[in-house]
Amino acid sequence: MDKLVVTGGTRLEGTVSMSGSKNGCLAIMAAALLGKGETVLYNVPSIRDVHTMVEVLRSLGVRCDYEDNGLLRIDATEIECTEAPYELVRRMRASFCVLGPVLARKGYAKVAMPGGCDIGARPVDFHIKGIQTLGAHLVMDHGFVEAECERLRGGQIYLNFPSAGATQHLMTAAALADGVTTIYNAAMEPEVVEVAKFLNKMGARVEGAGTSTIRVEGVRELRGTEFELLPDRMEAGTFAVAAVITQGDVRIENIRPTDVKPFVLKLIEAGAVVDVYDNYMRVRCNSRPLATDIVTMPHPGFPTDLQQPFGAMLSIAEGTSVITENVYERRFKYVSELIRMGADIKVEGRTAIINGVPKLTGAQVAATDLRAGAALVCAALAAEGESEVLGVEHIERGYENLVEKLQALGANIARVSEEQSLTDCELAAPVSS
Ligand code: UD1
């Protein structure tokens, strides 16, 4: 098992640039299946989830090439295969969202039910109901969803919760439908707005993205296009927490001010000094953070993805903080690991009560999901002594060059592979006679 070895206690200082948005990228890659001709995406992060999505598109017989400079070429002129296999979809929930576009293009699609981070039940019922509303006939059997429809037709969709994934998926499927689709109680995340912009650049007619009602007027055909991905606001939030938790001073470049607002205001409440400019922000803090309460909500509320890193930060805050998690029921798994580092946190249902302690101590901890991993890395950066964070593969799903970026800010962090640790052990082992 590979791990991150972190020696805490160093103030982070310097400049770091944010990569392209993971969540935006995955949804846009699925939407690119609608276009005939080449789509070129810029600012694409080299992370595991993106590489998994590349494999998913290739498994559909679509040409998909990632170039090292963050450029991704997708040519879906031909979709040769209409089935997305379990082996790929179980690795990442977002890959389920190829169902709608493949169905819209080919009249048939078969996609395995998804996997992904273990943070709650995470059903796909909104996706399924929405695709049915667009006129498809669906069968769920043997762990697969099979969908059939000669041509999707517009319909009225109401989401019981403003799901980001369902909004992106249904908006995408509706772009090639016959007639008008309206999605009510739609998610308003910036990544939803970007998918709408991308679809419109391909020739679609989507209006209202960024509000709770989205209207999609279906068109007959879409074409490939060029598109630059938005910066990753979750990565920005993670680095902001890393700056505050180490009482550092970090300039975070490649951000969009409106996207970072919900968590910036919370950082300020927690005693950080945050200056936000057009495309960068400076985050500094020269004392322990202050306790503050957090309630996660769909955008523009506080993002659930940053609940875990903020939980790490508040574990060393002065005073008691309460976190209420409204989006996922199992997003407090990282708490037991923080407790191993000396945190004082009680979880009751969807609430965590955090009594801030003056310091954390280094320990061996395990990440159970992507953002839990980010939280544990932040905690380790602040903790006294050495920590080992296991479960690196979760962290690498969503953070590009995390170790290198933190090292450039002065952090004492290294990635150690299983082979390396074996070699270290062998070297360290006493010679027996
Ligand atoms: C996306 C993000 C994820 C983020 C989440 C919430 C991607 C790849 N991932 O996930 O990082 O944490 O938004 O901001 O973009 N739900 C249902 N039925 C459905 C769909 C969702 O009940 O069919 C529920 C979920 O269980 C959850 C809530 O709706 O409780 C929100 O989930 P959703 O917004 O869909 O999350 P994702 O799009 O999967």
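Remember, it's 1-based here, ligands and their atoms both numbered in the order they're listed. Note that the structure is predicted; figures quoted are calculated from it, not measured.
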With a heavy-atom distance limit of 4.0 Å, tell me whether Arg331 approaches ligand 1 through its side chain, its backbone, both, or neither.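 Only the side chain of Arg331 comes within reach of ligand 1.
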
Test your reading of the structure: does [X] have an N or O sitting under 3.5 Å from an N or O of ligand 1?
| X | value |
| --- | --- |
| Phe161 | no |
| Asp305 | yes |
| Gly165 | yes |
| Gln168 | no |
| Asn23 | yes |
| Pro162 | no |
| Val327 | yes |
| Lys22 | no |
| Leu26 | no |

Closest heavy-atom pair and its distance - Thr172, Ala31: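 Residues Thr172 and Ala31, closest heavy atoms: CG2-CA, 3.6 Å.
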
Looking only at non-hydrogen atoms, find the nearest pair between Gly165 and Cys97 and report the distance.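 Of all heavy-atom pairs spanning Gly165 and Cys97, the closest is O-SG, 4.2 Å.
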
At less than 4.0 angstrom from any non-hydrogen atom of [X], what atoms of ligand 1 do you find?
| X | value |
| --- | --- |
| Thr304 | 6 (C), 12 (O), 14 (O) |
| Asp125 | 17 (C), 18 (N), 19 (C), 22 (O), 23 (O) |
| Arg93 | 20 (C), 21 (C), 39 (O) |
| His127 | 23 (O) |

Got a sec, which residues hit side-chain contact (heavy atoms from CB on, under 4.5 Å) with Ser59, two or more places apart in sequence or on another chain?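 For Ser59, the residues satisfying side-chain contact (heavy atoms from CB on, under 4.5 Å) (neighbours in sequence not counted) are Pro85, Leu88.
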
Kindly compute the distance separating CD (Glu400) from CD1 (Ile47), expressed to the nearest 0.5 Å.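 Glu400 atom CD to Ile47 atom CD1 measures 7.5 Å (nearest 0.5 Å).
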
Would [X] and [Y] pass as an ion pair if we require N to O under 4.0 Å?
| X | Y | value |
| --- | --- | --- |
| Arg91 | Glu87 | yes |
| Arg282 | Asp275 | no |
| Glu80 | Arg58 | no |

Work out whether the distance between some heavy atom of Ala187 and some atom of ligand 1 is less than 4.0 Å.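 Heavy atoms of Ala187 never come under 4.0 Å of ligand 1.
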
For ligand 1, is there an atom lying under 4.0 Å from some heavy atom of Gln307?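 The answer is no: ligand 1 sits nowhere under 4.0 Å from a heavy atom of Gln307.
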
Do Thr296 and Gln307 have side-chain N/O donor and acceptor atoms under 3.5 Å apart?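 Judged by distance alone, the side chains do not pair up.
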
Distance-only polar pair, side chains of Ser17 and Lys405, donor-acceptor under 3.5 Å: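 No, because no side-chain N or O of Ser17 sits under 3.5 Å from a partner of the opposite role on Lys405.
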
side-chain hydrogen bond (donor to acceptor under 3.5 Å, both in side chains) partners of Asp65, counting only residues at least two apart: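 For Asp65, the residues satisfying side-chain hydrogen bond (donor to acceptor under 3.5 Å, both in side chains) (neighbours in sequence not counted) are Arg63.
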
May I ask which of Ala164, Ala166, Pro123, Gly301 has a heavy atom nearer to atom 22 (O) of ligand 1 than the others do?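 Of the listed residues, Pro123 has the closest heavy atom.
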
Taking Asp305 as the fixed residue, which of Arg331, Arg233, Lys22 is the one that meets the salt bridge (charged side-chain N to carboxylate O under 4.0 Å, His left out) rule?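 Going through Arg331, Arg233, Lys22 one by one, the salt bridge (charged side-chain N to carboxylate O under 4.0 Å, His left out) with Asp305 is satisfied by Arg331 alone.
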
